[in-house]
Number of protein chains: 2
Amino acid sequence: MTAADRPSDTRAFVAACGQALGAAHVLTDAHDTAPFLADWRRRYLGRACAVLLPADTREVAAVVRLAREYRVALVPQGGNTGLAGGATPDASGAQAVISLKRLNRIRDVDAHNNTITVEAGVVLAEIQARAQAEARLFALSLAAEGSCTIGGNLSTNAGGTGVLRYGNTRELCLGLEVVTPQGEIWDGLRALRKDNTGYDLRDLFIGAEGTLGIITAAVMKLHPAPVAKVTALAGLASPHAALDFLSMAQRHAGALLTGFELMSDFSLRLVGRHFPQMRYPFAHTHAQTVLLELSDSESEEHARALFERLMEEALEEGIVADAVVAENLSQSRAFWDLREHIPLAQAEEGLNIKQDISVPISSIGRFIEETDALIARAAPGARMVTFGHLGDGNLHYNVQSPEGVDPKRFLDEYQARINTLVYEQVHAHRGSISAEHGLGQLKVNEAMHYKSPVEVRLMQTIKAALDPDNLMNPGKVVPEARPSGLRPGTAPDHTEESAP
Amino acid sequence: MTAADRPSDTRAFVAACGQALGAAHVLTDAHDTAPFLADWRRRYLGRACAVLLPADTREVAAVVRLAREYRVALVPQGGNTGLAGGATPDASGAQAVISLKRLNRIRDVDAHNNTITVEAGVVLAEIQARAQAEARLFALSLAAEGSCTIGGNLSTNAGGTGVLRYGNTRELCLGLEVVTPQGEIWDGLRALRKDNTGYDLRDLFIGAEGTLGIITAAVMKLHPAPVAKVTALAGLASPHAALDFLSMAQRHAGALLTGFELMSDFSLRLVGRHFPQMRYPFAHTHAQTVLLELSDSESEEHARALFERLMEEALEEGIVADAVVAENLSQSRAFWDLREHIPLAQAEEGLNIKQDISVPISSIGRFIEETDALIARAAPGARMVTFGHLGDGNLHYNVQSPEGVDPKRFLDEYQARINTLVYEQVHAHRGSISAEHGLGQLKVNEAMHYKSPVEVRLMQTIKAALDPDNLMNPGKVVPEARPSGLRPGTAPDHTEESAP
């Protein structure tokens, strides 16, 4: 009898895991497992036959082999801060959560090579701190950095505020260690800038949300720590002006430009309403405000002088209406605080519809104009909270209920309609409906709806080839292709159907 | 009868291609096909039932469907400048070369988005020129840029001189259009900086040398064009000193540092011998010379001042023995000429053993010392021509016959031994035996020898899943896994054998 024919046996699996990991690291008590079974935003509540806490890569591999033997699906979990339910098990109680928390060692720092080798469960902020201690920068930075883990960052290809200059998590990774769905350990922990000796397995596992294997360790890139970071704010008339300003800033600053964030007037007014201690530095309001950041390897004075020249030209050309350069670190911090308080102000204002979309940067102006108009028509009075990483073409294009309307009722009535409207617009602009948060279980169907059948089949083919028993985080990222029991290679031939 | 059972029918295939492409675009005459059947270095000479020249993506897809119908293997080819025989067919005469030359349109330039959309057959230099016309930089640059094509660059994940700052071809690509082994067209031409809606198919096709499908077009990243490029030379005592100098230069210059090339004394002496008009700018020779390049978005003066400060500190700390900053563009050019004439001087000196290896940057000093000593013992008098992209950990660690010894005889006797010795050293330092040239047919066996069985099987599983009939550039990059006729999914279970 092959593994594929055996029925799932969760009870025997849990017992065998207890043997392999020690009883203390196999949680089954409801009180102990609860924190692992709901996602961070509490949108998803799952059940599990156990929560497993392996100590190291070998124990992860042992768990995967047992899962295969007893036909139990595994849901890998890091800091459990994901926004798409990718780390939450389904409601059946037949899946097991495998937490990577105990794989929390920094294995190596190589300052001359500008690399750090970390296990999947190391918290992002810890990597940043360790890099700093070596006069290096670990450039990944995002709101959850105090509790998210690098394994989760890799599995979702997390974005954040440093992407403009340093790229997504994908671009910061040189090598991986992965436990395959067969329970083998792939040691791809290369610390090389150049290696062309075969298929790029690394990037296949990055962003796969644990559906193709479990990332247990990684070699991440470090950068020389900048000597100074200086921020500035600029008030502008429109997203189009912000786009012209981005081009100008890139021409002036090149790779020194590490942040370029857009904040609509209403976004900042929300911050002002709920956090009155936050100060908007301009005398007049502007339709759009841009936050810029320079990371300089020379000096703060150099960065500030560069900003002055840029702002002068932008003011002269009428692209920018007003501008202020932070005079010190605490003012820089205050500017970032404005930006970071937008989601908090939204939460204070009440339930709202959140988007994480991207379009080509050149299309952002038109996208916002068109979509604003469509939403105004579809949901009169809806208040747009538009902000985000303009330099990456990535907007949090959120929608708040009309003033005085109960948010819950508004969402019940409009959320589905507005989502569809936004996704259709994103699709028309050849954008992405999940720019930096991944698909998890939240957006699989929507994402596949907008992908071509060719692309969906390529994904399904890879999933079926690497995880033929569909035990690695099933239901996440990619929809199942085939009736259960059918093996890869016997899928029907789709050539004719979509031949051009 | 399924396609897999049918015998290959090259005659019917060639006739059908004539129908599909027009007779003028199906070459079979020996005189016409000859340029496509030998690689650039003339190490490989193949045969082909035809050389096919489709006009566009739809014709490429039509050819792939015909290849499938008639069971004919396809060898995709771009500018035919590869160094590993990846684009040369085997000697059977049963394969067909599919040249992407006629897919040579620049489809779109989007300056605000910093992207350019190009077809696979566009010559690299043409993309650079078009970017420049838009005040942008296309950062891929390598010796063959006048004749290599972007499709080939992508399929081999080409490196070159800009990798330190801008990355390999992989890092310069945002989206792809690919004809799959089933003859379907995957439109993955996304122009987004952030997109997390599924598996990273793009990076799977990049570097796969046409074994998983045929890249027909791509969206490539542009950067703002720097205002000034300034180079400098520094004389140092050892690779270890060069490494300390690299850290210092990165600290001073951050992302402005776009080149850091190492040249050993003997490399430059060879240049002096065969190109006496080239001038070495230092009064005394140095064991190692480093060429640095800064790309500045402010001004030439700013770059030069930065260099002055760097060199002053490096001289003071005794890391650098002598230094000279180029005073103008033509002197900058002259410094690069020295570097670029090393391979030419090697050719003048006679046949030699070439390597394209990488190791972690921090290991370069030890790697050179140890390997030099081993080679001196194994092949007394052999002359090391060590140069390359130190900033990427990528060395062309070449070996010339001893003075006065016939190069041909030396190679016959020592090449295999020296290759093995170098590869073992690279492996011991966790490096790569093909850093920027790919595997093609030159290094498949060697590369697989040093990979773990887990990694080789992962590659084979992907190949078998995407190209079950093994018709896409068979024999390149990945060795065949299974007796022909066996379908994926029926491969034996390897779990136990290599379980940790």
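Below, read A as the first sequence line, B as the second, and so on, with proteins coming before strands; counting in each chain starts at 1. The structure displayed is predicted, hence computed values, not measured ones.
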- Of all residues at least two apart in sequence or in a different chain, which pass the side chain to side chain donor-acceptor pair (under 3.5 Å) check with K194(A)? D392(B), N394(B), E436(B)
Against chain A, work out which of [options] has the most heavy-atom pairs shorter than 4.5 Å and name it.
| options | value |
| --- | --- |
| E446(B), K451(B), R309(B) | K451(B) |
| R165(B), K443(B), M448(B) | R165(B) |
| R136(B), R251(B), H302(B) | H302(B) |
| P360(B), S363(B), G393(B) | P360(B) |

- Are side-chain N/O atoms of H112(A) and H240(B) paired as donor and acceptor at under 3.5 Å? no
- Does one side chain, of N113(A) or S362(B), offer a donor that lies under 3.5 Å from an acceptor on the other? no
Below 4.5 Å from any heavy atom of chain B, which atoms of [X] appear? Answer side chain, backbone, both or neither.
| X | result |
| --- | --- |
| S434(A) | both |
| N168(A) | side chain |
| L243(A) | both |
| A253(A) | backbone |
| T156(A) | backbone |
| D244(A) | both |
| L256(A) | side chain |
| A447(A) | side chain |
| L439(A) | both |

- Kindly say whether N157(B) contributes a backbone atom to a donor-acceptor pair with the side chain of N196(A) at under 3.5 angstrom? yes
- Item | Residue list, ring pair (Phe, Tyr, Trp, His ring centres under 6.0 Å) with Y166(A), at least two apart or on another chain | H223(A)
- Task: Can you tell which part of L306(B) gets under 4.5 Å to a heavy atom of chain A, answering side chain, backbone, both or neither?
- Result: side chain
- Given that the side chain runs from C-beta out, which part of S247(B) has a heavy atom under 4.5 Å from chain A: side chain, backbone, both or neither? side chain
- Message: Looking at K221(A) and E171(B), is there a salt bridge between them, counting it only when a charged N and a carboxylate O are closer than 4.0 Å?
- Response: no
- Is it true that D187(B) and R430(A) have a side-chain N and a carboxylate O under 4.0 angstrom from each other? yes
How far does [atom1] of [X] sit from [atom2] of [Y], to the nearest 0.5 angstrom?
| X | Y | atom1 | atom2 | answer |
| --- | --- | --- | --- | --- |
| D203(B) | Y199(A) | CG | OH | 14.5 Å |
| D200(B) | I206(A) | CG | CD1 | 8.0 Å |
| Q182(A) | R457(B) | CD | CZ | 8.5 Å |
| N114(B) | L246(A) | CG | CG | 8.0 Å |
| I462(A) | L201(B) | CD1 | CG | 5.0 Å |
| S432(A) | R193(B) | OG | CZ | 14.0 Å |

I need the residue from [options] with the largest number of non-hydrogen atom pairs under 4.5 Å to chain B.
| options | answer |
| --- | --- |
| T115(A), I433(A), T211(A) | T211(A) |
| G391(A), S297(A), P224(A), G207(A) | S297(A) |
| V359(A), L212(A), L204(A), V478(A) | L212(A) |
| L458(A), V477(A), T180(A) | L458(A) |
| G254(A), S452(A), A435(A) | A435(A) |

- Message: I'd like to know whether Y450(B) forms a side chain to side chain donor-acceptor pair (under 3.5 Å) with T197(A), so could you lay out the CA-CA distance, the side-chain angles of the two residues, the decisive distance to 0.1 Å, and finally the verdict.
- Response: CA-CA 10 Å; Y450(B) 291 108; T197(A) 57; over 6 Å; no
